[in-house]
Asker: 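I'd like to ask you about the structure that follows.
Since we're looking at a predicted model, the values are computed, not measured. Start at 1 and go down the list; that is how both ligands and their atoms are numbered.
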Amino acid sequence: MILELDCGNSFIKWRVLGVGGGMTVGEGVVDSDLALLESLNAIVSLSLTYCRLVSVRTTEETGALTALLKSAYGVSVACAAPSREMSGVRNGYEEYERLGLDRWLAMLGGFHLASGSCLVLDFGTAVTADFIDSDGEHLGGFICPGMPLMRNQLRTHTRKIRYGDIAAERALESLAPGRTTVEAVERGCSLMLRGFVLTQLEMARSYWGEDFVVFLTGGDASLVSGVVPEARVVPDLVFVGLAMACPLS
Ligand SMILES: Nc1ncnc2c1ncn2[C@@H]1O[C@H](COP(=O)(O)OP(=O)(O)OP(=O)(O)O)[C@@H](O)[C@H]1O
Ligand SMILES: CC(C)(CO)[C@@H](O)C(=O)NCCC(=O)O
Ligand SMILES: [K+]
């Protein structure tokens, strides 16, 4: 069984693939290393042979998790590393090692699935956009605060914006002008994300006309999928790239 991990800034996304890398035996989202071990230990007849991970955390944090996995399961752990070029994609950053590895892997996955120009949009703690042309050239991208950061900034820097998670979820059932604080904030931030997406689409059209594929990934992709009905929503896009960057043999 193969353990795959995407260690983001807020959550660790994990999944376990069965022997041969085919079926998904288990998957989830956890908020700590210990919660990850708990989830894994709950899988009956877990028998890990290999682990591959991508992390945008510090070297120390990633090292601690790697050591934990090695000692708990005696498994070898491969970490995705930055590279100038891979699987036909050329990293467009001036200093390629500074490009977030989650972005890099989502780009590898997207270019592989599109076999042509693509726009990769990831909606996590941060929101990112990356442009890859039909030659695999990464033109660069954008980084913005995601939904959790936008709402927390408002909560932190105002005195009267306070509401709970359940109210937040209910507020997003419509995007009409809000008549309560929670509706006004949740719908406002959601519309900001949608506006961002529409701007990215405009830019992609200016480069490639209609000849490109849009990928949506990340925990909050569903907030914007309505404005790009033609987009491919691929929740595991980072894992697609991870398997390419860290193959079994
Ligand atoms: N099962 C889930 N657990 C946690 N968050 C979820 C879940 N499903 C959707 N989300 C949403 O996904 C967002 C987090 O996105 P995601 O998990 O892609 O990124 P992250 O790990 O927080 O950050 P990064 O951008 O660094 O990867 C949160 O805003 C949350 O509302
Ligand atoms: C932008 C995030 C936080 C998205 O998860 C991550 O890709 C990251 O930390 N990137 C490093 C900075 C950069 O990509 O330029
Ligand atoms: K991410």
Asker: By number and element, which atoms of ligand 2 are closer than 4.0 Å to a non-hydrogen atom of Arg103?
Answerer: 7 (O), 13 (C), 14 (O), 15 (O)

Asker: Run the numbers for me: atoms of ligand 1, each under 4.0 Å from some heavy atom of Asn9, listed by number.
Answerer: 23 (O), 24 (P), 26 (O)

Asker: Does any N or O atom in Asp102 lie less than 3.5 angstrom from one in ligand 2, N or O only?
Answerer: yes

Asker: For atom 30 (C) of ligand 1, what's the nearest protein heavy-atom neighbour? Residue, atom name and distance, please.
Answerer: Asp220 OD1, 3.8 Å

Asker: Which option, Gly219, Cys7, Ala221, owns the non-hydrogen atom nearest atom 18 (O) of ligand 1?
Answerer: Gly219

Asker: Using a 4.0 Å cutoff against the non-hydrogen atoms of Leu99, which atoms of ligand 2 qualify?
Answerer: 14 (O)

Asker: Would you mind telling me if ligand 1 is within reach of the side chain of Thr125, the backbone, both or neither, using heavy atoms under 4.0 Å?
Answerer: both

Asker: Got the closest protein heavy atom to atom 3 (C) of ligand 2, with its distance?
Answerer: Asn9 ND2, 3.3 Å

Asker: Of all the atoms in ligand 2, which lie at a distance below 4.0 Å from a heavy atom belonging to Arg98?
Answerer: 11 (C), 12 (C), 13 (C), 14 (O), 15 (O)

Asker: Could you tell me if Ser117 and Ser134 have a donor-acceptor pair between their side chains, going purely by distance under 3.5 Å?
Answerer: no

Asker: What distance separates Ser55 OG from Glu61 CD, expressed to the nearest 0.5 Å?
Answerer: 7.0 Å

Asker: Could you list the atoms of ligand 1 found under 4.0 angstrom from a heavy atom of Gly124?
Answerer: 15 (O), 16 (P), 18 (O), 19 (O), 25 (O)

Asker: Quick test: of every protein heavy atom, which one is nearest to atom 15 (O) of ligand 2, and how far off is it to 0.1 Å?
Answerer: Tyr93 OH, 2.6 Å

Asker: Look at atom CZ of Arg162 and say whether more than 12 heavy atoms of other residues, nucleotides or ligands are closer to it than 6.0 Å.
Answerer: yes

Asker: Please list, in number order, the atoms of ligand 1 under 4.0 Å from a heavy atom of Gly218.
Answerer: 18 (O)

Asker: Give yes or no for whether the N/O distance cutoff of 3.5 Å, strictly under, is met between Met147 and ligand 1.
Answerer: no

Asker: Any idea which protein heavy atom is nearest atom 9 (O) of ligand 2, and the distance to it?
Answerer: Val56 CB, 4.1 Å

Asker: For atom 4 (C) of ligand 1, which candidate among Val29, Thr128, Val54, Leu149 holds the nearest heavy atom?
Answerer: Val29

Asker: Salt-bridged, Arg15 to Asp236, with N to O below 4.0 Å?
Answerer: yes

Asker: Answer yes or no: does an N/O atom from Gly8 fall short of 3.5 Å to an N/O atom of ligand 1?
Answerer: no

Asker: Looking from the K ion (ligand 3), what is the angle between OD2 on Asp102 and OD2 on Asp122, to the nearest 10°?
Answerer: 100°

Asker: In ligand 1, which numbered atoms sit nearer than 4.0 Å to a non-hydrogen atom of Lys13?
Answerer: 16 (P), 17 (O), 18 (O), 19 (O), 20 (P), 21 (O), 27 (O)

Asker: Under 4.0 Å from atom 6 (C) of ligand 1, do we find at least one protein heavy atom?
Answerer: no

Asker: Between Glu202 and Arg205, does at least one N-O distance fall below 4.0 Å, as a salt bridge requires?
Answerer: no

Asker: Output yes when the distance from some N or O of ligand 2 to some N or O of Gly100 is under 3.5 Å, and no in every other case.
Answerer: yes

